[in-house]
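In what follows, a single structure is set out as structure tokens and then discussed.
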Protein chains: 2
Amino acid sequence: MHKENSSDALNRRFLFKKCELNTALNIISGRWKAQIIHSIHNGHNRFHLLQKELTNISEPVLGRQLKEIETQGIIIKKEIPETTPTGIEYLLTGKGERLIPILDNLCNWIKENP
Amino acid sequence: MHKENSSDALNRRFLFKKCELNTALNIISGRWKAQIIHSIHNGHNRFHLLQKELTNISEPVLGRQLKEIETQGIIIKKEIPETTPTGIEYLLTGKGERLIPILDNLCNWIKENP
DNA sequence: CTTATGACTAACAATTTTGTTTGCTATTGT
DNA sequence: ACAATAGCAAACAAAATTGTTAGTCATAAG
């Protein structure tokens, strides 16, 4: 986990204070996070659908990434009634939705500046 | 370094293929990179100026981050003539300049969605 | 002749991130 | 009875990122 007072942790906090840009990047820069957010936006909004989309991801890894972006308020979980076992839907929050165009810009930036 | 065939490396490549978004994020998601790009844009375009801006960064770390964003074509180095020791200026390339508004959007996104 | 400057680099250690193995829940289909 | 489904979680191992220590070069100032 985190060591609170390692140089690494101190530097991370220094950057968070310096500019919100670093906070934002911290949220979306995990290995699968941006892709998960995009995939949910494209309708792959169930655990097993995401597993299919992200061929090589393992269950614990997907679970962790989902939990982290949930903690950051990018997605929320919603139980689907009358399903067994109880299905869970992932939905983008407003914050999450407003991130989508920025991710698209990033995508186009690379396409136009290879 | 890199292990070419570790699961981690394979997954990274899977994502690069899946969507350019992941390539873009890979370029800017190092600990200091986005902040360095922004600082250069704001005129802190010398090695020693960046060191002052990023209080706690060490020289080897700054050197590495600069080299990486140079390799990605975000910045270029330029010798300043008639200086001893020879000074180096860092300049954003076109690709780098076109990244700035996107970083600003990310910054505003967090400010507006805390 | 020692120290300072500007701009690094290699080698190594600390820390964090990512991935793996194993196990769980409750219900339905065979 | 047994496997299958959907959706996880803890504990651990592997790998990558980040930070540290020590050194380089050429010139100029004290």
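In what follows, chains carry the letters A, B, and so on, assigned in the order in which the sequence lines appear, proteins first and then strands, with residues in each chain numbered from 1. Below, each value reflects all heavy atoms present in this structure, side chains not excepted, and no hydrogens, waters or symmetry copies.
For Glu82(A), the CD atom counts as loosely surrounded, since its 6.0 Å shell holds 12 or fewer non-hydrogen atoms of other residues, nucleotides or ligands. The number of heavy atoms from other shown groups lying within 6.0 Å of CD (Glu79(A)) does not exceed 12.
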List every contact pair, protein side and nucleotides 3-7 of chain C side both N or O, where the distance is under 3.5 Å.
| from | atom 1 | to | atom 2 | distance (Å) |
| --- | --- | --- | --- | --- |
| dA7(C) | OP1 | Arg46(B) | NE | 2.9 |
| dA7(C) | OP1 | Arg46(B) | NH2 | 3.0 |
| dA7(C) | OP1 | Ile88(B) | N | 2.8 |
| dA7(C) | OP1 | Ile88(B) | O | 3.2 |
| dA7(C) | OP2 | His48(B) | N | 3.3 |
| dA7(C) | OP2 | His48(B) | ND1 | 2.7 |

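The nearest whole Å value for the distance from the CG atom in Leu66(B) to the P atom in dG19(D) is 14 Å. Distance CD (Gln65(B)) to P (dT20(D)): 13 Å, rounded to an integer number of Å. In this structure, Glu82(A) atom CD and dA6(D) atom P are separated by 18 Å, rounded to whole Å. Atom CG in Asn22(B) sits about 15 Å away from atom C1' in dT18(C), given to the nearest Å. Leu62(B) places its CG atom 13 Å from the C1' atom of dG19(D), with the value rounded to the nearest Å. Asn26(B) has its CG atom 12 Å from the P atom of dA16(D), to the nearest Å. Atoms CG (Leu50(A)) and P (dT5(D)) sit 18 Å apart, rounded to a whole Å. Taking atom CD of Glu68(B) as the reference point, atom P of dT18(D) lies 8 Å away to the nearest angstrom.
Of the residues in residues 27-34 of chain B, Gly30(B), Arg31(B), Trp32(B) come within less than 4.0 Å of DNA chain D through at least one heavy atom, sorted by number.
The phosphate of dT18(C) (OP1 or OP2) has no side-chain N or O of Asn11(B) nearer than 4.0 angstrom. Neither OP1 nor OP2 of dG19(C) sits under 4.0 Å from any side-chain N or O of Ser6(B). Contact annotation: Ser7(B) reaches the phosphate of dT20(C) (side-chain N/O to OP1 or OP2, under 4.0 Å). Lys67(A) has a side-chain polar atom (N or O) that falls below the 4.0 Å cut-off from OP1 or OP2 of dA9(D). In terms of phosphate contacts, Arg12(A) brings no side-chain nitrogen or oxygen within less than 4.0 Å of OP1 or OP2 of dT17(D).
The backbone N or O of Asn22(A) sits nowhere less than 3.5 Å from a side-chain atom of Asn26(A) that would complete a donor-acceptor pair. Under a 3.5 Å cut-off, the side chain of Arg46(A) and the backbone N or O of Gly87(A) do not form any donor-acceptor pair. Put simply, the side chain of Lys95(A) gets close to the backbone of Gln72(A): a donor and an acceptor are under 3.5 Å apart. With hydrogens and angles disregarded, a donor-acceptor distance shorter than 3.5 Å links the side chain of Thr93(B) to the backbone of Ile74(B). No donor-acceptor distance shorter than 3.5 angstrom exists from the side chain of Asn45(B) to the backbone of Glu89(B), with no hydrogens or angles considered.
When each of Arg64(B) and Ala9(A) is assigned the nucleotide of DNA chain C bearing its nearest heavy atom, the one mapping closer to the 5' terminus is Arg64(B). For the pair Glu4(B) and Ser58(B), nearest-nucleotide mapping onto DNA chain D gives the more 5' position to Glu4(B).
For the residue pair Asn56(A) and Trp32(A), the shortest heavy atom distance occurs at C-CH2, 4.4 Å.
Nearest to the side chain of Val61(A), among dT18(D), dG19(C), dA10(D), sits dG19(C).
Using a 3.5 Å distance cut-off with no hydrogens or angles, the side chains of Arg98(B) and Asn113(A) do pair a donor with an acceptor. There is a side-chain donor-acceptor pair under 3.5 Å between Glu53(B) and Ser39(B).
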